[in-house]
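Notes follow once the structure below has been shown.
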Amino acid sequence: MVITLCRSTRQHLAYFSFFLLALLAHGSSVAALYQLEAMGRLGADFEDNIRLTETDEISDSTQSVNLQLTLQRLSPIWRHQFDLGLASRNYSEENGFDYDNQTLQLSSNWQQPKFALQFGLNHNRDSSLVSELDVSGLIQNQVRREGSTAFVNGRYSIGELNLLSLQINGQQIEYADPAQSGLVDYDYYYMNTELQHLFRSAHRVILSLLFSQYQTELNQQQVEDLGITVGIEGALDERWAYTFSLGLRETSTEAEILVPDFFLFTFRPIKFTSKEQGTLYNLEISREFLSHQVALRLQRSTRPSGGGEFLESDTLSLIQQGKLSQRLSWTNQIQWIVNREISSDSATSDRDFYSLQPGLRWRHTERSTLSIAYRYRYQEFNNQNSQADGHAIIFSYQHRWLPYRQGL
């Protein structure tokens with residue numbers, strides 16, 4: 001599987017221009033509906049450990065502005081969508097941490113009774129202070145990150161009881177100053193194909209085959225991960241839903257190491273390879289009560305990292321939300337992540353990470369909400385005997401404008 005993503009800004013703009021032209025002009029002879037939606041958010045928060053480090057803790061307050069625009073073209077068969085996201089975060093004292101984010105995404109959906117196809121492009125410019133936190137914890141410095149993604153998703157119904165699906169993603173991540181930050185540019189490709197069989201009215205058996213490839217220039221490293229899982233999903237009744245899968249993976253790593261050559265007074269590269277077997281699992285349970293909902297997820301998966309490491313992650317997440325009145329609601333999010341670098345004994349990302357975030361949301365109008373939340377984070381790096389935690393108070397005001405629709 002090969003997916004090539006361009007690093008040149010000019011090429012990115014060419015791709016997006018082509019997709020935008022298709023969004024506006026495709027099927028001009030077919031009646032279609034154009035819809036424009038906009039969402040804005042103002043935020044302010046105070047955090048006592050911005051970088052989540054054990055030493056040199058930095059406390060500061062921030063102000064943020066977010067704008068999200070979505071343009072859609074809807075027809076009986078096709079749906080084209082263009083998303084533009086702009087975000088700015090400013091620190092009151094630590095100006096070196098200020099950043100502006102931009103997100104562009106273009107996607108198309110083709111829907112038939114037995115076949116569906118989705119494909120698109122995404123380009124994101126954000127901050128490693130945010131993006132690398134949950135994955136690796138390597139956030140000592142504020143570094144600009146740029147990522148480009150191409151994706152294709154397909155689904156085909158084989159009769160009334162069987163469904164075949166395919167998902168392919170290709171991603172390239174670049175950091176503005178990798179030498180200073182210790183972060184490494186990488187390419188990541190992912191493929192997942194599933195065969196689903198409906199054996200009861202609300203229950204499916206799922207067989208999945210997964211393949212991913214992680215590449216970095218650090219030691220010319222290439223990691224290939226192959227996995228297979230078998231699972232079941234369904235609904236016990238109108239309130240209970242579940243998903244469960246279990247499987248195996250084999251991860252192969254190939255890299256180069258420079259070793260000294262005393263006869264020639266130089267270094268020569270030596271390739272080494274390694275293989276490791278492991279397990280994969282996923283358990284999801286959701287329950288709707290009269291006044292609140294609960295969703296629990298326990299998962300073991302593999303993922304790429306900006307630290308030049310391919311990680312195995314155990315993740316436990318619990319999401320709760322409910323209503324206290326017609327306008328006032330509450331939320332609570334709990335997350336636990338355990339990272340283990342698969343093929344290196346000198347890993348820097350092996351760690352435990354915990355996050356707790358309860359909050360309240362006030363619905364000011366039908367399209368405006370005011371929120372306040374408290375967040376606690378804790379992480380411990382296993383091989384460094386390093387621990388750190390942080391507290392934050394987060395305020396936000398969000399407004400969604402009425403969508404503008406025009407039929408042509």
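The shown structure was predicted, so the numbers you read here are calculated from the model rather than taken from an experiment.
- In this structure, T193 contributes its side chain and S165 its backbone to a donor-acceptor pair below 3.5 Å.
- Listed here is the closest heavy atom pair of Q102 and N124: O-OD1, 3.4 Å.
- Between the side chains of Q335 and Q333, no donor N or O sits under 3.5 Å from an acceptor N or O.
- By the 6.0 Å contact criterion, CZ on R361 is open, its count of non-hydrogen atoms from other residues, nucleotides or ligands being 12 or less.
- Taking 4.5 Å as the limit, some side-chain heavy atom of I232 sits within range of a side-chain heavy atom of Y242.
- Remark: side-chain polar atoms of D352 are not paired, donor with acceptor, to backbone N or O of E380 under 3.5 angstrom.
- Residues satisfying the ring-ring contact (aromatic ring centres under 6.0 Å, His included) test with Y91, not counting sequence neighbours, are F97.
- Between R73 and F82 there is no side-chain heavy-atom pair separated by less than 4.5 Å.
- In this structure, R144 contributes its side chain and D100 its backbone to a donor-acceptor pair below 3.5 Å.
- The two residues W401 and G40 make their nearest non-hydrogen contact at CZ3-N, 3.4 Å.
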Can you list the steps and then say if D225 with F310 is a side-chain contact (heavy atoms from CB on, under 4.5 Å)?
CA-CA 10 Å; D225 191 50; F310 193 66; 3.9 Å; yes
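- The two atoms that bring Q320 and V294 nearest to each other are CG-CG2, 4.2 Å, heavy atoms only.
- Side-chain contact between Q299 and L280 is absent, with no heavy-atom pair separated by less than 4.5 Å.
- Between the side chains of Q293 and E288, no donor N or O sits under 3.5 Å from an acceptor N or O.
- Not a single donor-acceptor pair under 3.5 Å links the side chain of S286 to the backbone N or O of A295.
- E233 CD to E284 CD: the interatomic distance, rounded to the nearest 0.5 Å, is 9.0 Å.
- Side chain of S305 to main chain of G307: a donor-acceptor pair is present (N/O by atom type, distance under 3.5 Å, no hydrogens or angles).
- Listed by chain and number, the residues in a side-chain hydrogen bond (donor to acceptor under 3.5 Å, both in side chains) with E366 are R363 (sequence neighbours excluded).
- One distance of note links CG of L370 with CZ of F395; it measures 9.0 Å at 0.5 Å rounding.
- A donor and an acceptor atom, one from each side chain of Q387 and E54, are nowhere located under 3.5 Å apart.
- Considering every non-hydrogen atom in both L210 and I228, the closest pair reads CD1-N, 4.3 Å.
- Remark: the backbone N or O of I58 is not paired with any side-chain donor or acceptor of E94 at under 3.5 angstrom.
- At least one donor-acceptor pair closer than 3.5 Å links the side chain of D185 to the backbone N or O of Y175.
- With rounding to the nearest 0.5 angstrom, the CD1 atom of I173 is 6.0 Å from the OG1 atom of T149.
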Evaluate the side-chain contact (heavy atoms from CB on, under 4.5 Å) criterion for residues I285 and R287: first the C-alpha distance (whole Å), next the side-chain angles of each, then the deciding distance (0.1 Å), finally the verdict.
CA-CA 7 Å; I285 301 175; R287 174 72 161 94; 5.6 Å; no
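- Put simply, the side chain of R239 reaches to within 4.5 Å of the side chain of L290, judged on heavy atoms.
- R145 and D126 are joined by a salt bridge, as a carboxylate oxygen and a charged side-chain nitrogen come within less than 4.0 angstrom of each other.
- More than 12 heavy atoms of other shown residues, nucleotides or ligands fall within 6.0 angstrom of atom CD in Q277.
- Within 6.0 Å of atom CZ in R400, 12 or fewer heavy atoms from other residues, nucleotides or ligands are found, so the atom counts as exposed in its surroundings.
- No side-chain donor-acceptor contact under 3.5 Å links N192 to the backbone of Q167.
- By the 4.5 Å heavy-atom criterion applied to side chains, L42 and V65 are counted as neighbours.
- For the 3.5 Å distance criterion, the side chains of R89 and T62 qualify, holding a donor opposite an acceptor.
- Put simply, the side chain of Q72 reaches to within 4.5 Å of the side chain of T70, judged on heavy atoms.
- Checking Y281 against D314 by side-chain atom types alone, a donor-acceptor pair falls below 3.5 Å.
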Under the side chain to side chain donor-acceptor pair (under 3.5 Å) rule, what do R41 and Q398 come out as? Steps first, then yes or no, please.
CA-CA 4 Å; R41 177 182 174 275; Q398 180 175 295; 5.1 Å; no
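- No side-chain donor-acceptor contact under 3.5 Å links T216 to the backbone of G308.
- The shortest distance between side-chain heavy atoms of L84 and L104 falls below 4.5 Å.
- In this pair, F199 and H203 present their aromatic rings tilted. The plane angle is within the 30 to 60° band.
- At a cut-off of 3.5 Å, with distance as the only test, no side-chain donor of D83 or Q105 sits close to an acceptor on the other residue.
- Taking CZ of R79 as the reference point, atom CG of L33 lies at 12.5 Å (rounded to 0.5 Å).
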For the pair E254 and K271, evaluate salt bridge (charged side-chain N to carboxylate O under 4.0 Å, His left out) and give the outcome as yes or no after the intermediate values.
CA-CA 7 Å; E254 182 178 300; K271 284 190 176 182; 3.7 Å; yes
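- Between the D60 side chain and the E93 main chain, a donor and an acceptor come within less than 3.5 Å of each other.
- For H123 and E146, the side-chain atoms include at least one donor-acceptor pair closer than 3.5 Å.
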Using the rule given for side-chain contact (heavy atoms from CB on, under 4.5 Å), can you reason through N332 versus H292, listing the C-alpha separation, both sets of side-chain angles and the distance that settles it, and then say yes or no?
CA-CA 11 Å; N332 185 35; H292 67 282; over 6 Å; no
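- Distance check: E174 CD to R125 CZ gives 11.5 Å after rounding to the nearest 0.5 Å.
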As a quick check of understanding, evaluate side-chain contact (heavy atoms from CB on, under 4.5 Å) for I158 and Y156, giving each step before the final call.
CA-CA 6 Å; I158 308 173; Y156 179 72; 3.7 Å; yes
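- The ring of W362 has its center no closer than 6.0 angstrom to the ring center of H364.
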Please lay out, stage by stage, how S301 and R303 fare under the test side chain to side chain donor-acceptor pair (under 3.5 Å).
CA-CA 7 Å; S301 60; R303 63 166 80 180; 5.2 Å; no
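- Looking at heavy atoms from C-beta onward, L360 lies in side-chain contact with L324 at the 4.5 angstrom threshold.
- Between W110 and F119, the distance separating the two ring centers is not shorter than 6.0 angstrom.
- Between D389 and L52, the shortest heavy-atom distance links the atoms C-CD1, 3.6 Å.
- Note: H391 NE2 to F46 CZ = 11.0 Å, rounded to the nearest 0.5 Å.
- Counting all heavy atoms, side chain and backbone alike, Y189 lies closest to G170 at CD2-CA, 3.7 Å.
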